[in-house]
Structure formats: structure tokens, C-alpha cells
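Source: prediction; values computed, not measured.
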Amino acid sequence: MRPAVLDPLFASVSSLPGVGPKAAELLVKLTDRETVDDCRAIDLLFHAPSSLIDRREQPGIARAPQGAIVTITGRVDRHQPPPRGRANIPYRVFLHDETGELSLVFFRGKAQWLEKQLPIDETVTVSGKVDWFNGRPSMVHPDYIVRESEAENLPLIEPVYPLTAGLSPKFLRKTIEAALARMPELPEWIEPALYEKQGFSSIADSFRMLHEPRDASDIDPQAPMRRRLAYDEFLAGQLSLALVRQRLRKVAGQPVRPTGEISRKILDNLPFSPTRSQTAAVAEILEDMAGTERMLRLLQGDVGSGKTLVALLAIAAVIESGGQAVLMAPTEILARQHFATISKLAASAGLGVEVLTGRTKGRERDAILERIASGEAQIVIGTHALFQDSVSYANLMLAVVDEQHRFGVHQRLRLTAKGISPHMLVMTATPIPRTLVLAAFGDMDVSKLTEKPAGRKPIQTITIPTERTGDIVARLESALAEGKKAYWICPLVEESEESDLMSVEERYQTLTKALGDGVGLIHGRMSGPEKDAVMMAFKNGEIRLLVATTVVEVGVDVPDATIMIIEHAERFGLAQLHQLRGRVGRGDEESTCILLYKGPLGETGRARLSIMRETEDGFRIAEEDLKLRGEGELLGTRQSGTPGFRIASLEAHADLLEIARKDAAYLIERDPDLTGERGNAVRTLLYLHRRDEAIRFLRAG
């Protein structure tokens with residue numbers, strides 16, 4: 001159902017001139033697509049240049065500055081091939097202009113080709129970097145060589161693109177030019193007033209200017225054509241989110257009328273009182289669920305802020321109203337962690353809790369499915385297996401989704417399209433800056449947990465260079481002898497020739513050698529049962545030191561672990577360091593986080609470690625992380641359901657995100673099915689940004 005006008009842009013990249021099977025695979029990698037069939041010409045148009053090369057400087061040979069890229073026009077004087085059998089000596093070609101002589105240098109140069117390109121006595125124009133040595137200028141492998149008659153074909157301003165190994169800059173530019181030639185004129189979806197106020201150009205002209213920059217200012221994020229494309233990208237995203245919300249709201253939610261009986265039992269058995277922000281969040285959730293519209297709320301809470309209790313009290317309210325609830329986690333280890341925590345609290349209120357993951361098989365699975373279908377299982381915890389076709393619920397009224405950024409809007413679309421219509425509470429332990437909340441969760445109301453439970457002590461954070469690793473091991477030996485528990489985090493699973501980082505397996509071996517038996521190992525390549533066994537041994541004290549990758553970043557709860565050592569901390573993002581640090585300081589003992597770094601530190605690495613020492617406030621850390629890294633890395637990869645913007649930047653274009661959000665809400669309110677004149681143009685925008693699922697969702701009505 002895609003508009004026919006877009007067909008040329010949605011042809012596979014393999015249909016572009018000169019793109020064979022190998023090049024097509026490289027373009028798939030470059031554009032982050034999965035297959036050649038899925039990689040289209042339009043994907044290349046969204047691959048924006050990151051800088052440009054300016055070849056306009058034509059100073060003459062004698063006045064060419066050292067190391068500068070210049071363009072020189074001169075007459076070819078002579079060729080100087082290397083002596084026979086001396087392949088290590090370059091082939092030289094000399095040319096002159098009225099100011100002096102220039103040597104063109106070619107390593108392993110082919111005489112036949114060079115004689116054809118640079119005939120003696122011909123006037124040619126060359127462009128490249130000039131180097132001076134002993135008062136003589138040379139140009140090694142000129143970027144361009146053109147005859148006098150073809151000089152106008154030499155690009156004086158040239159865009160520079162991010163590349164992938166094996167892809168040449170010239171080939172990529174040529175391929176993008178071929179994709180650009182397919183760009184049709186499209187209907188305008190931007191309101192005339194905004195179009196004029198922002199100084200926008202048409203979508204076709206914006207893409208042309210993006211890939212044919214005329215000046216350094218055209219590469220700036222604030223260039224009008226970049227702002228136009230950023231607005232479009234935000235609008236497509238916000239419309240998709242608004243469509244999800246509209247569809248979720250269309251399906252009436254079941255009003256939740258709690259008695260408070262189960263909640264009271266849970267609260268009476270708690271060893272602490274809920275914080276003010278926990279109480280406020282529960283009140284917001286109960287108010288949402290009391291209405292006839294389905295709740296769609298994001299619960300943001302820093303590490304250890306008590307999101308699980310808020311979720312359980314929401315679940316209790318649903319069970320008091322005769323319903324069931326599910327809690328969906330992104331990984332098996334996190335699902336089982338939630339099961340262990342919630343089972344204890346639920347037992348005091350006599351609630352039936354089940355865990356269902358991809359690992360649940362055979363008779364055990366059949367029995368659990370039967371208890372879910374009958375309603376005997378009031379709380380079901382698991383992974384995405386909870387929404388497989390084989391699972392049917394007696395009366396599902398609430399779905400709690402943990403670590404939402406790992407699921408994303410597509411899973412919400414699929415969940416809704418399946419016809420399941422529970423209220424939705426989405427939780428994240430990764431504090432998210434406001435602009436990123438708008439971008440990734442623009443369709444949600446937000447509750448924040450800003451306090452930590454009473455009794456939690458600050459975590460002392462210190463930075464130590466890797467040269468002092470031996471001292472850390474010695475101090476660790478004493479701490480373990482006193483009965484303390486510690487984590488040691490490594491960035492890699494196994495040794496790599498390309499990296500000097502210590503692998504988790506190698507570190508495990510060195511620590512076992514130094515400290516003896518009480519050392520365990522856990523990483524993502526281990527099977528579920530293996531990971532569970534190690535975690536259980538760590539919890540009950542058989543293992544005192546757990547060597548791990550970031551598999552323990554989220555949801556692992558061992559309250560008596562008080563030491564966190566993060567190796568090569570400079571390689572981790574701020575949010576990830578904060579998550580890892582949050583694995584300690586969960587009990588009433590004082591805890592320490594040691595950030596081992598390899599110097600010398602770059603500016604970003606130094607800033608990260610400094611912020612970690614200064615604060616434990618996850619919301620401040622998230623804002624700083626956005627400044628240091630940009631939104632692309634902040635929550636993981638595009639496949640994880642994050643915004644993954646290709647042109648837009650939350651830092652540079654936050655004002656446009658606000659406008660796009662309001663415009664999307666206005667559009668959907670005025671034209672819910674996008675069938676009016678502007679609505680039809682907006683459908684073209686959604687297709688252009690490959691939001692096909694949102695369109696299908698819209699058509700399904």
C-alpha cells in the first residue's frame with residue numbers, strides 16, 4: 001500500500017549502478033539493515049555526511065601550505081619509474097606551473113595506467129594533500145587527476161561519510177548520488193506557517209543539499225536542511241507513538257476497583273515504609289486504572305529506588321478487582337530475579353505466582369499454562385514467552401514491562417495487535433533525560449521515583465589506574481577473608497587479538513590463582529541454568545567474588561554484596577557504570593565502587609569518571625551521559641527499540657522534538673485515520689521513514 005511515488009526509493013541497493021553482491025553486503029552493514037532485500041536506496045539518503053573536504057584552495061605549487069589539501073593545475077614534465085626490481089621505491093611524475101615543480105608520488109604505481117592518466121606535455125588538474133621535504137613539495141596518491149578539458153568535473157566541495165571496512169569513499173559517494181537521482185518531488189506534510197518560520201526547503205531539496213554541501217555551514221546540525229530532515233524524523237516517530245496510544249486508548253480498559261485488602265497485607269509485612277515518591281507513583285497508577293481508558297504509564301526509577309514494590313502494589317490492586325497481571329522482563333536472569341523477589345512478598349498475601357520463560361518445557365510448561373488459563377496463577381512473571389499464541393489468560397488486566405528500552409514501540413504494537421488489552425505499566429531503571437523520554441516514550445504518562453529506600457548508605461566511588469591492579473587484588477583478599485562479597489566486571493568475554501582489554505575468562509583465571517576457590521564466573525554465553533547456578537552460589541555465599549560481564553548490569557539483587565570493581569571503566573558509558581555500581585549498596589552496610597582505568601584518559605573518559613565520583617543521582621548522570629555520548633549510544637542499539645535517529649540529534653534539535661510532538665497530537669486529534677489532504681501526505685512521511693508497522697496498525701483501525 002506504499003504510495004507508488006516512493007517506489008524508486010524503495011528499490012534494493014543492489015539495483016543501483018555498480019552495486020554487486022559484495023558491495024551490497026557492505027551497504028547493509030553500513031545502514032544497519034539485516035539483509036540486502038531490506039536495504040533500500042532511501043537508507044543511503046539517510047546516511048548523512050559527517051564533514052567535508054574543501055578543495056577550493058588553489059595557491060600555486062610554491063605557495064601550497066604544508067599538510068593542506070589543495071588543487072593544482074600544471075603541465076606534466078616527465079615520468080620517473082622506480083629502477084627495475086626496486087618495488088619499494090615509488091613511481092614519480094613531475095609537473096610544473098608558473099611558481100614551481102610538484103612531484104606526484106605513487107607507491108606500486110602501474111606505468112601503463114599512469115602514462116595514460118598523466119601524458120607528458122598535457123595540462124592536468126590534481127587535488128590532494130601537499131607535503132614539503134627538503135624544500136621540495138610532493139603529493140602522495142592524489143585524490144583526483146583530471147585533464148584540463150574535464151576540470152569542471154572535479155568536486156571542489158566534497159562530503160565525507162562514515163564508512164565501514166571495505167567500502168571506499170568514492171564508491172559510496174557515487175552510490176549515494178545514484179540514490180539521490182531517484183528522489184521524486186513529494187507532497188508537503190509540514191504546515192505552511194512552520195515551513196516559512198523555520199526557513200525549510202522541500203524534502204527533495206533538503207536531501208540534495210544534505211549530500212551536496214557547498215560550505216562547512218551545510219554540515220552544521222543547525223543548517224536549515226538538516227533541521228528540516230530532523231523535524232521529519234521526529235514527526236514520524238511521534239506520529240507512530242501517537243497512533244499506538246490512540247489504538248490502545250480505543251480499546252477500553254477494565255476499570256480497577258481495589259479493596260486495599262491484599263495491598264495492606266503486603267505493606268504490613270515490609271521491613272520498611274514506602275518512600276513518598278513510591279506512594280505518589282502508586283496513587284497515580286491507581287487513578288489511571290480506575291478510569292475506562294487503558295493506562296499507559298512509564299515508571300522511571302533510579303537503581304534501588306523500589307520500582308518492584310510499586311509494580312507489586314499495582315498488581316495487588318488488579319487482583320483485588322478479580323484480574324490477573326503479568327510482569328515481562330527482557331532476560332531470563334532478570335525474570336527469575338523478579339520471581340524470587342515478588343514470590344516472597346506475594347506469599348504474605350497468599351497470591352499465586354508463576355514464572356514462564358523460553359526455558360520452561362514439557363509437563364511443567366503445560367501445568368503452568370493450565371494455571372494461567374484457569375486464573376489460579378494470579379501473577380505471571382517471564383520473558384516475551386508470556387505473549388506467545390499458546391498462552392491464554394483468564395482475565396489479564398495489567399501488563400508490567402520491565403526495562404522498556406529493550407522492547408520498544410514495535411513490541412507494544414504487536415502486543416496490542418494480538419488483541420490483549422491490559423493496562424500497561426512500563427518500568428526502567430535507566431534514568432532517561434526528558435528529551436529522550438519524549439522521543440522514545442512520547443505516548444506515555446510518566447511517574448518518577450526520586451528517593452532511595454531508608455537505610456541505604458552512599459556508595460564510596462574511587463578511581464584507580466590499572467597499574468595498581470595488584471594492590472586491589474591484595475585488598476580484595478583481606479575483604480573476602482572478612483566475609484565480604486564482591487563483583488569484578490570485565491568488558492569482554494574472551495581474548496581478542498584486536499583488543500588489549502583483559503577478558504572475563506582470563507581475569508577469572510588470574511583471580512582464582514590469587515584468591516583460591518571462592519571465585520565464580522558469569523557471562524552472556526553461558527546457558528540459563530549455568531547462570532542461575534552461579535548466581536545462587538553467590539547469593540548463598542559459596543562464591544564470594546563474582547567475575548562477570550555486564551550481564552549483571554540489570555536486576556541482580558544480592559543485598560550483602562558491598563564491593564564493585566569495574567575494569568577498564570573508561571570503556572563503559574555513564575549510564576552503564578551507574579547501573580553496575582547499583583549492584584552494591586543494596587543492604588545496610590557501607591559499599592565501595594572501584595573504577596579501574598587505563599591511562600592516559602581522553603577528555604570524555606575523564607569527564608565520565610569525574611561525574612561518577614561526584615554523584616549517585618541517576619537523573620543527573622543520564623543528562624550528562626546524553627551530553628557526552630549523544631542519544632545513539634545512551635540506551636543501546638537501534639535494534640533494542642531505541643529511537644536510533646539518523647539525522648536528528650536530541651542535543652541539537654530538542655526544540656524541534658517539542659514542536660513535532662505537539663504537531664503529531666494535533667494531527668491525530670483532527671484526522672485520526674490520516675485520510676485528509678495533509679493526512680495523506682503524512683502517510684507518505686511515515687512510509688519514507690519506514691514506519692510501515694504504524695501504517696498497518698492505522699489501516700487495521
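Considering only heavy atoms from C-beta on, L9 comes within 4.5 Å of L688 through its side chain. Counting heavy atoms from C-beta on, the side chains of V124 and T73 never come closer than 4.5 Å. Looking at V76 and T123, their side chains never come closer than 4.5 Å, going by heavy atoms from C-beta outward. Using a 4.5 Å heavy-atom threshold, the side chains of V70 and M139 count as touching. Counting heavy atoms from C-beta on, the side chains of M328 and D402 never come closer than 4.5 Å. The closest side-chain heavy-atom distance from T125 to E150 is not below 4.5 Å. Counting only heavy atoms from C-beta outward, the side chains of L16 and R182 approach each other to under 4.5 Å. Using a 4.5 Å heavy-atom threshold, the side chains of E191 and Y195 count as separate.
If you take CG on L102 and OG on S138, they are separated by 7.0 Å, rounding to the nearest 0.5 Å. To the nearest 0.5 angstrom, D445 atom CG is 11.5 Å from L425 atom CG. Here the straight-line distance linking atom CD1 of I203 with atom CE of M225 works out to 12.0 Å at 0.5 Å rounding. Of the inter-residue distances, the one linking S649 atom OG with E233 atom CD reads 10.5 Å to the nearest 0.5 angstrom. How far CZ of R227 is from CG of L656: 4.0 Å, rounded to the nearest 0.5 Å. Note that the CD1 atom of I42 and the CE atom of M183 stand 6.0 Å from one another [nearest 0.5 Å].
Checking side-chain atoms of H47 against main-chain N and O of P162 turns up a donor-acceptor pair under 3.5 Å. Side-chain atoms of D671 come within 3.5 Å of backbone atoms of G676 as a donor-acceptor pair (strictly under, hydrogens ignored). The backbone N or O of P17 sits nowhere less than 3.5 Å from a side-chain atom of K174 that would complete a donor-acceptor pair. Judged purely by atom type and a 3.5 angstrom limit, R75 has no side-chain atom pairing as donor or acceptor with the backbone of D97. Here the side chain of S127 pairs no donor or acceptor atom with the backbone of R55 at under 3.5 angstrom.
Every residue two or more places apart in sequence or in another chain that forms a salt bridge (charged side-chain N to carboxylate O under 4.0 Å, His left out) with D205 is listed here: R208. Partners of Y231 by ring-ring contact (aromatic ring centres under 6.0 Å, His included), not counting sequence neighbours: none found.
Across all non-hydrogen atoms, the minimal contact from T675 to R683 is CG2-NH2, 4.4 Å. Across P65 and E57, no two heavy atoms sit closer than the pair CG-OE2, 3.6 Å. Shown here for E188 and A681, the closest heavy-atom pair between the two residues is O-CB, 3.6 Å. Nearest heavy atom pair, residue A223 against residue S217, reads CB-O, 3.5 Å. Residues Y687 and P3 approach most closely at CD1-CD, 3.3 Å, considering heavy atoms. Residues A179 and A41 share a closest heavy-atom pair of CB-O, 3.8 Å.
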Evaluation steps, side-chain contact (heavy atoms from CB on, under 4.5 Å), between I157 and D215: CA-CA 7 Å; I157 298 289; D215 210 288; over 6 Å; no
Check against side-chain contact (heavy atoms from CB on, under 4.5 Å), L194 and D663: CA-CA 10 Å; L194 178 66; D663 286 354; 3.7 Å; yes
Residue pair Y144, E158: steps toward the side chain to side chain donor-acceptor pair (under 3.5 Å) verdict: CA-CA 12 Å; Y144 287 93; E158 196 174 3; 2.7 Å; yes
Residues L6, L186; criterion side-chain contact (heavy atoms from CB on, under 4.5 Å); working and verdict: CA-CA 9 Å; L6 292 177; L186 297 173; 3.8 Å; yes
Candidate pair I69 and D54, rule side-chain contact (heavy atoms from CB on, under 4.5 Å), full reasoning: CA-CA 7 Å; I69 289 174; D54 189 339; over 6 Å; no
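With respect to D38 and R690, a salt bridge is recorded, a charged nitrogen being found less than 4.0 Å from a carboxylate O. R606 and E570 are not joined by a salt bridge, as no carboxylate oxygen comes within less than 4.0 angstrom of a charged side-chain nitrogen. A salt bridge links R646 with D43: the closest approach of a Lys/Arg side-chain nitrogen to an acidic carboxylate oxygen falls below 4.0 angstrom. A salt bridge does not link R226 to D218: none of the charged side-chain nitrogens sits closer than 4.0 Å to a carboxylate oxygen.
In this model, no donor atom of one side chain and acceptor atom of the other lie less than 3.5 Å apart for R228 and Q198. At a cut-off of 3.5 Å, with distance as the only test, no side-chain donor of Q300 or T428 sits close to an acceptor on the other residue. Judged purely by distance below 3.5 Å, without hydrogens or angles, the side chains of S201 and S206 never pair a donor atom with an acceptor atom. Judged by distance alone, the side chains of D232 and W189 do bring a donor and an acceptor atom under 3.5 Å apart. In this structure, a donor-acceptor pair under 3.5 Å is absent between the side chains of R56 and T71.
F645 and F234 have their aromatic ring centers within a separation under 6.0 angstrom. Residues H578 and F572 place their aromatic rings such that the two centres sit no closer than 6.0 Å.
Classification of the H141-F106 ring pair by plane angle, with boundaries at 30° and 60°, yields perpendicular.
Annotation for R147: atom CZ counts as buried by contact number, over 12 foreign heavy atoms lying within 6.0 Å. Around CD of Q222, the count of heavy atoms belonging to other residues, nucleotides or ligands within 6.0 Å exceeds 12.
Cation-pi contact between R40 and F10: absent, since separation from the ring centre below 6.0 Å together with deviation from the ring axis within 45° is not met.
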